[in-house]
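Being a predicted model, the structure only gives us computed values, none of them experimental. Below, read A as the first sequence line, B as the second, and so on, with proteins coming before strands; counting in each chain starts at 1.
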2 protein chains.
Amino acid sequence: MSPHTNYMKAEDRRAATVDIVVALAAEKNPSEISTTDIAKKMGVTQGALFKHFPTKDAIVQAVIQWIADKLLSRIERAAQAETSPIAVIEAIFFAHIRFVSEYPGAPRMLFSELQRKQASVPKQIATTLLKSYSLRLQQLLENGKTQGLVRADLDTKAAAGLLIGMIQGLVMQSLLVDNIKLMHIEAPKVFAIYRHGIEA
Amino acid sequence: MSPHTNYMKAEDRRAATVDIVVALAAEKNPSEISTTDIAKKMGVTQGALFKHFPTKDAIVQAVIQWIADKLLSRIERAAQAETSPIAVIEAIFFAHIRFVSEYPGAPRMLFSELQRKQASVPKQIATTLLKSYSLRLQQLLENGKTQGLVRADLDTKAAAGLLIGMIQGLVMQSLLVDNIKLMHIEAPKVFAIYRHGIEA
DNA sequence: CGTAAGATAGTAATAATTTACTTACTTTTG
DNA sequence: CAAAAGTAAGTAAATTATTACTATCTTACG
């Protein structure tokens, strides 16, 4: 912990890089983040990054992986606290909202990668994240059906997709007005409508 | 209509440029579309573009304006065919779905511009589009309330935002699997849930 | 009606930046 | 002192925009 040095262990430097990129994505178009931007914000020269990552795409990949892991673990944790399937879905929804308000750069990175047409590794990770998220929700909705809490004729796949879309919509609108607080106000209102849509 | 010439009137060339960009956005990350890409696809040299647009940003601006105009006019047209507020909302929803399946590059361009942090003119246009879209929906939902078709306690602003988010979600998922047809299959299912959520 | 003049729309080449990545060398650390 | 982590400088490719010139179209007039 010497004060006047930039020297870090490789693992710490990689973790710091991921943090910096997520932070940068909150204040800049993710596709416009250059290696120079990252290095400058970290207080290191641009070339130093390539001591720890072979390519820029490897950096992006690490960032997306970090987001996927963090988001899924938060969701899993939120799910454990509740019992009724609908309460679990609600807990997941608000955990997701809290996550993106804590890391506004995270959804921006995800969107940016999902926009890419060609199948890159980062896009693959993002796709897998959304898929496992959706399956988790479908499972909960099916449980809700058997308990008579969810409409029997509900298309659970569509309902899972709708919840994820809802969050995307909220994020997008909060990005527009550049106000994360707005999301916390709007989220409960939107979820109330969703609940009406799926409940028996 | 001479066969062996590229010469076009300025207005036609500008319109052609917009078309090309929308087409390119369907097959490439919008933020990676270069002026060289555009020129090449149009069969013209790169420099020629700057005879008709002062900057690249002016091209993007024209594209976003085209999308906003086209989408709003489609929505307005769809709205006129129906009478009941909920039927109008449904018609608007499916008109929007048809629009994006016809021009898959359009939502990609919009997302891409909305991602930008700093307030550019294109982002301004996109924001205005979403706002006027949302207001139109809120108006319809209020009408639905007075006619007793829509739940009296519905938050119409949240409900309008939800519908737009739904479409964003559908678009994103169809982009993921690179299959526009999927959207046509999923859209009615998702709308059914939404209808349950707002109806009295 | 045909054509020269002038306006318009193009080309080819290039400048000025910016980008991801490399290389040769230096500093710090265990 | 050796390995790890950094710097400084540079390269090749790509990007937007400009410049000097050329081909094509339009139109007014002899």
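Side-chain nitrogen and oxygen atoms of T5(A) include none within less than 4.0 Å of the OP1 or OP2 phosphate oxygen of dT28(C). Remark: T45(A) is not in phosphate contact with dG6(D), judged by side-chain N or O atoms under 4.0 Å from OP1 or OP2. Phosphate proximity of dT8(C) to H52(B): absent, as no side-chain N or O sits under 4.0 Å from OP1 or OP2. In this model, the phosphate group of dT8(C) is not approached by any side-chain N or O of R13(B) to a distance below 4.0 Å at OP1 or OP2.
Within 6.0 Å of atom NZ in K28(A), more than 12 heavy atoms from other residues, nucleotides or ligands are found, so the atom counts as buried in its surroundings.
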Exercise for the section: Run the numbers on L129(B) and L110(B) for side chain to side chain contact (heavy atoms under 4.5 Å, CB included), then give the verdict. Expected result: CA-CA 10 Å; L129(B) 164 66; L110(B) 277 180; 4.0 Å; yes
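Residue contacts for S34(B): at a heavy-atom cut-off of 4.0 Å it reaches the sugar-phosphate backbone alone, with no base atom in range. Contacts of K56(A) with the nucleic acid, taken as non-hydrogen atoms under 4.0 Å apart, involve only primed sugar atoms and P, OP1 or OP2.
Mapping P54(A) and M8(B) onto DNA chain C by nearest heavy atom places M8(B) closer to the 5' end of the strand. The 5' end of DNA chain D is approached more closely, in terms of each residue's nearest nucleotide, by K9(A) than by the other of K9(B) and K9(A).
Atom P of nucleotide dA4(D) and atom CZ of F50(A) are separated by 21 Å, given to the nearest angstrom. Atom-to-atom, NZ of K51(B) to P of dT16(D) comes out at 18 Å; the value is rounded to the nearest Å. Taking atom CG of N6(A) as the reference point, atom C1' of dT29(C) lies 14 Å away to the nearest angstrom. Atoms CG (D37(A)) and P (dC21(C)) sit 15 Å apart, rounded to a whole Å.
Side-chain atoms of Y7(A) stay outside donor-acceptor range of the base of dA4(D), with no qualifying N/O pair under 3.5 Å.
Among F99(A), Y194(A), F191(A), Y133(A), the single residue meeting the ring-ring contact (aromatic ring centres under 6.0 Å, His included) criterion with F93(A) is F191(A).
For E102(B) and K70(B), the salt-bridge test fails: no basic side-chain N is under 4.0 Å from an acidic carboxylate O.
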